[in-house]
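Lettering follows sequence order; numbering is per chain, from 1. Every value quoted in this text rests on a predicted model; they were computed, and no experiment measured them.
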Amino acid sequence: MTKLDTSRRWSDHVVTDRLTTVIREAVLAACQAGELQLEGPLPAVVLEPPRRKQFGDYACNLPMLLARSTGLPAPDVAARILKWIPAPSGLVERAEIAGPGFLNFHLRPDWLHDVMVEIETKDEAYGSNRAHAGDRALIEFVSANPTGPISVVNGRAAALGDTLRRLLQACGAEVSTEFYVNDALNSTQMELLGESLACRYLQELGEPVAMPENGYQGDYVIEMAREIVAAEGDALAGLAVGERSLKFRQLATEQMINQQRSALAAFGVEFDRWFFESSLYDTGAVRQAIADMKARGYAYEKDGALWLKTTVLSGDDQDRVLVRSNEKETYVAADAAYHRDKFSRGFNRLINIWGADHHGYVSRLKASIAALGCPAERCEVLLTQMVLLMRDGEPVRGSKRAGDIIPLVDLVNEVGRSAGRFYFLMNSYETTSAFDLELAKRQSSENPVYYAQYAHARCCSVLQRAEDDGVAIPPASEAARSLLTHEKELDLLRKLADYPGEVRMAADLLAPHRLAGFVREIGQALHQFYEECPALKVSVPDDLRGARLALFRSTATVVRNLLALLGIDAPTKMDRSAAPGASSGDDATA
RNA sequence: GCGCUCGUAGCUCAGUGGAUAGAGCUUCUGACUUCGGAUCAGAGGGCCGGGGGUUCGAAUCCCUCCGAGCGCGCCA
């Protein structure tokens, strides 16, 4: 009853498919011979690479799953299946019963050697698959209010969303990304930002005006004011109060969005579309959504306001206001209209990435989607846990209003785009992480990303050296692959073979941090291979040298593909000025 | 009070219902007159928050308690 779905697991190789067939046929043969009696259908055959090498290339837990229905102890079931598995055969070198009833398979090494040919043939496409073909996904993320710069905290969602896009695309999905701009000029926050900017503007002109209560205190507001003075002089000072307020709201929005866009671009994140909340008002989509919710009986009037029945729709603890008594619509109404718009554009999978502090809003959004008759279950909300900002061990409050935020641009300048991205991607977004800015700077050269990048650079370096020395590097298809029998060679090949499954798993679980962990594993296998299996030493026979060089090239391809999914550079050589002790903020040369 | 999320090595974190729970950092000890040492080998470190349950098998699923973070507005 469980684990019937092998498609979500490890059958991404021709090899596992063939092995699955071997096992299935053995079970059927045992049944026909009357040695096994099954009730019901045969459970899916699950193969996984065992944690310990001694257990072989693939382990199968089928005997334990069949123990109950056959009424036999799992090892007995295993023995009766094993009897019908031909070994040694073309694929299986050896099969054995182990532990509580596993069937462990040791395969002939040829299948590993052929992975090199597959990598060479598919090249950039190695690791890609069609598992998510047919998905039309829209990933909406960051969506920071245009009331301040993109902060380090936004970096987590930015790196995650951008990587999910690449990941899902690699699995055959059609993906768009979107930044939702809360630019509705009648919103409370935008009024306040406009007033704060107007105030700074007048102060720049020498007028002693006081900042509004709770105004935005950040220096960036003063900088914007200076730019306006530089561009417009005192031309805006004479405007009537109402007109001036609106004008500054518009100016503030425009400037903040430009700033945000370039900060994200510097982080390697670009959106297919910036969707403006205001457009939903301009087209009447918000009013239409409200009217439809009313018509469907999910909205009612009380105390002069219009309410959405979220208690009924999603078990919320109270209903939520759609239209205030002052007749202004709330964000709930606008978001309902926005998500209906997403569906109307043909997307069948909506992925929203929000900060954990918005978790209370998930059920409200789904309620509003349902109230419009849209499929709320097709909207997934990923909640990134808090990034606790620290400075010298002391927590920092990241309030835009108080001006105490750390811009993402600063991080990029300090540690570079690749290291910054990796920092966020290496941990699951579901765990809270402490981010000490001083520590991040100091650790820049210890950042695990360099380990992965060095693996790539090291491969390239060896290949370059071979080329410089006039040593031929044969294509994998012509290399003497079967000479690669050293333990470290086989370990490395195994990692390269596992890569497509890792990509698929990371995509299925929307968990790119798995790839960040896996690239370390490949790096480790590479470095160990490098230590123990010299290629260019004179003592190495030509055919073995060729095979090893081909393996370096296969590895470089896989690491490059993996880093590309994470949006991280794969340098051909490391920039030593960024080595421990130095503090260059640039990325290693590509 | 109600709700959401999370408790794994000194620190930061992995871990697909499977076999002896793993990395990195830190600490200690070693390695090549090199295919670039941003490397490699080794050691130390754990009642997987506590207690029940389901299962052949639980860090993983369920219940409960303890602890932490966050949310609960006619703000977004």
**Fill in**
Result for 5'-nearest mapping on RNA chain B, choosing between A:Arg51 and A:Phe529, is A:Arg51
**Request:** Would you verify whether the NZ or CZ of A:Arg94 falls within 45 degrees of the ring axis of A:Phe105 while also being under 6.0 Å from that six-membered ring's centre?
**Result:** no
**Item:** Atom pair distance, as rounded to whole Å: CZ in A:Arg520 and C1' in B:C25
**Value:** 11 Å
**Distance, rounded to the nearest Å, where A:Leu536 contributes CG and B:C35 contributes C1'** = 5 Å
**Request:** Could you tell me whether the side chain of A:Ser325 has a donor or acceptor atom within less than 3.5 Å of a complementary atom in the base of B:C74?
**Result:** yes
**Message:** Would you say the ring centers of A:Phe55 and A:Phe102 fall short of 6.0 Å from each other?
**Reply:** no
**Message:** For the aromatic rings, using the six-membered ring if either is Trp, is the centroid distance between A:Phe275 and A:Phe179 under 6.0 Å?
**Reply:** no
**Request:** Give a yes/no answer on whether the side chain of A:Tyr530 brings an N or O atom under 4.0 Å of OP1 or OP2 in B:G37.
**Result:** yes
**Request:** Provide, to the nearest angstrom, the distance between the CD atom belonging to A:Gln528 and the P atom belonging to B:A23.
**Result:** 11 Å
**Prompt:** Taking atom C1' of B:C25 as reference, at what distance in whole Å does atom CD of A:Gln524 sit?
**Reply:** 15 Å
**Prompt:** Do the charged groups of A:Arg548 and A:Glu489 touch, with an N to O distance under 4.0 Å?
**Reply:** yes
**Asked** Just checking A:His513: base, sugar-phosphate only, or nothing, at a heavy-atom cut-off of under 4.0 Å?
**Response** sugar-phosphate
**Asked** Rounded to the Å, how far apart are A:Lys488 NZ and B:U39 C1'?
**Response** 14 Å
**Message:** Applying the 5.5 Å / 30° rule, does A:Phe102 stack onto the base of B:G18?
**Reply:** no
**Quiz item: A:Asn61 side-chain donor-acceptor pair to B:G18 base, under 3.5 Å** = yes
**Request:** Would you mind classifying the nucleic acid contact of A:Ala98 as base, sugar-phosphate or nothing, using non-hydrogen atoms under 4.0 angstrom?
**Result:** base
**Request:** Classify every nucleotide of nucleotides 3-13 of chain B by which part a protein heavy atom approaches to under 4.0 Å, writing B for the base, S for the sugar-phosphate alone and - for neither, in 5'-to-3' order.
**Result:** BBSS------S
**Prompt:** Where are the stems of RNA chain B, defined as at least 3 consecutive Watson-Crick or wobble G-U pairs with both distances under 3.5 Å?
**Reply:** B:1-7 with B:66-72, B:10-13 with B:22-25, B:27-31 with B:39-43, B:49-53 with B:61-65
**Request:** Test for a donor-acceptor pair under 3.5 Å between the base of B:A76 and the side chain of A:Tyr331, counting only N and O atoms.
**Result:** yes
**Prompt:** Side-chain donor or acceptor of A:Asn104 under 3.5 Å from a matching atom on the base of B:A19?
**Reply:** yes
**Item:** Sugar-phosphate only, base, or nothing, as touched by A:Pro534 at under 4.0 Å among non-hydrogen atoms
**Value:** base
**Message:** Please enumerate all residues that pass side-chain hydrogen bond (donor to acceptor under 3.5 Å, both in side chains) together with A:Thr311, with sequence neighbours excluded.
**Reply:** A:Asp319
**Message:** For A:Tyr451, does the six-membered ring have the charged nitrogen or CZ of A:Arg520 within the cation-pi criterion, i.e. under 6.0 angstrom from the centroid and within 45° of the normal?
**Reply:** yes
**Request:** Please name the residue in the list A:Val323, A:Leu322, A:Thr330 that meets the side chain to side chain contact (heavy atoms under 4.5 Å, CB included) test with A:Leu308.
**Result:** A:Leu322
**Request:** Round to the nearest Å and state the distance from A:Leu515 atom CG to B:U16 atom P.
**Result:** 14 Å
**Prompt:** Can you tell me how far P of B:A38 sits from CE of A:Met574, to the nearest Å?
**Reply:** 9 Å
**Prompt:** Picking from A:Asp316, A:Asp335, A:Asp317, what satisfies salt bridge (charged side-chain N to carboxylate O under 4.0 Å, His left out) with A:Arg364?
**Reply:** A:Asp316
**Request:** Indicate whether A:Phe55 forms a stack on B:A19; treat it as stacked only if centroid distance is below 5.5 angstrom and interplanar angle below 30 degrees.
**Result:** yes
**Message:** Does A:Ala67 reach a base, just sugar-phosphate, or nothing at all? Heavy atoms under 4.0 Å.
**Reply:** nothing
**Complete:** So OG of A:Ser325 and CG of A:Asp303: to nearest 0.5 Å the spacing works out to 8.5 Å
**Item:** Residue met sooner reading RNA chain B from 5', once A:Cys60 and A:Asn326 are mapped to nucleotides
**Value:** A:Cys60
**Prompt:** With a 4.0 Å cut-off on heavy atoms, is A:Cys533 in touch with a base, just the backbone sugar-phosphate, or nothing at all?
**Reply:** base
**Asked** For A:Phe518 and B:G24, what is the distance between atoms CZ and P respectively, to the nearest whole Å?
**Response** 16 Å
**Asked** When you check the phosphate oxygens OP1 and OP2 of B:C40, does a side-chain N or O of A:Tyr451 lie under 4.0 Å from one of them?
**Response** yes
**Message:** Counting the atoms with a prime plus P, OP1 and OP2 as sugar-phosphate, which does A:Ala356 contact under 4.0 Å by heavy atoms, base, sugar-phosphate, or nothing?
**Reply:** sugar-phosphate
**Message:** Less than 4.0 angstrom between a side-chain N/O of A:Arg548 and OP1 or OP2 of B:C35, yes or no?
**Reply:** no
**Request:** Would you indicate what A:Ala59 reaches in the nucleic acid, counting non-hydrogen atoms under 4.0 angstrom: base, sugar-phosphate, or nothing?
**Result:** base
**Asked** Would A:Phe422 and A:Tyr450 count as a close aromatic pair, with their ring centres under 6.0 Å?
**Response** no
**Message:** Taking 4.0 Å as the cut-off, does a side-chain nitrogen or oxygen of A:Arg364 come that near to OP1 or OP2 on B:C72?
**Reply:** no
**Request:** Looking at every strand, decide which applies to A:Gln54 at a 4.0 Å heavy-atom threshold: base, sugar-phosphate, or nothing.
**Result:** base
**Asked** What integer number of Å spans the P atoms of B:G36 and B:G22?
**Response** 34 Å
**Message:** Students often get this wrong, so: under 4.0 angstrom with heavy atoms, is A:Asp335 touching a base, only sugar-phosphate, or nothing?
**Reply:** nothing
**Item:** Partner of A:Tyr180 by ring pair (Phe, Tyr, Trp, His ring centres under 6.0 Å), out of A:Phe141, A:Trp354, A:Tyr331, A:Tyr338
**Value:** A:Tyr338
**Asked** So, is A:Arg458 near the phosphate of B:C35, with a side-chain N or O under 4.0 Å from OP1 or OP2?
**Response** no
**Asked** Are the side chain of A:Arg514 and the backbone N or O of A:Ala507 linked by a donor-acceptor pair below 3.5 Å?
**Response** no
**Message:** Using OP1 and OP2 only, check whether a side-chain N or O of A:Gln318 sits under 4.0 Å from B:C72.
**Reply:** no
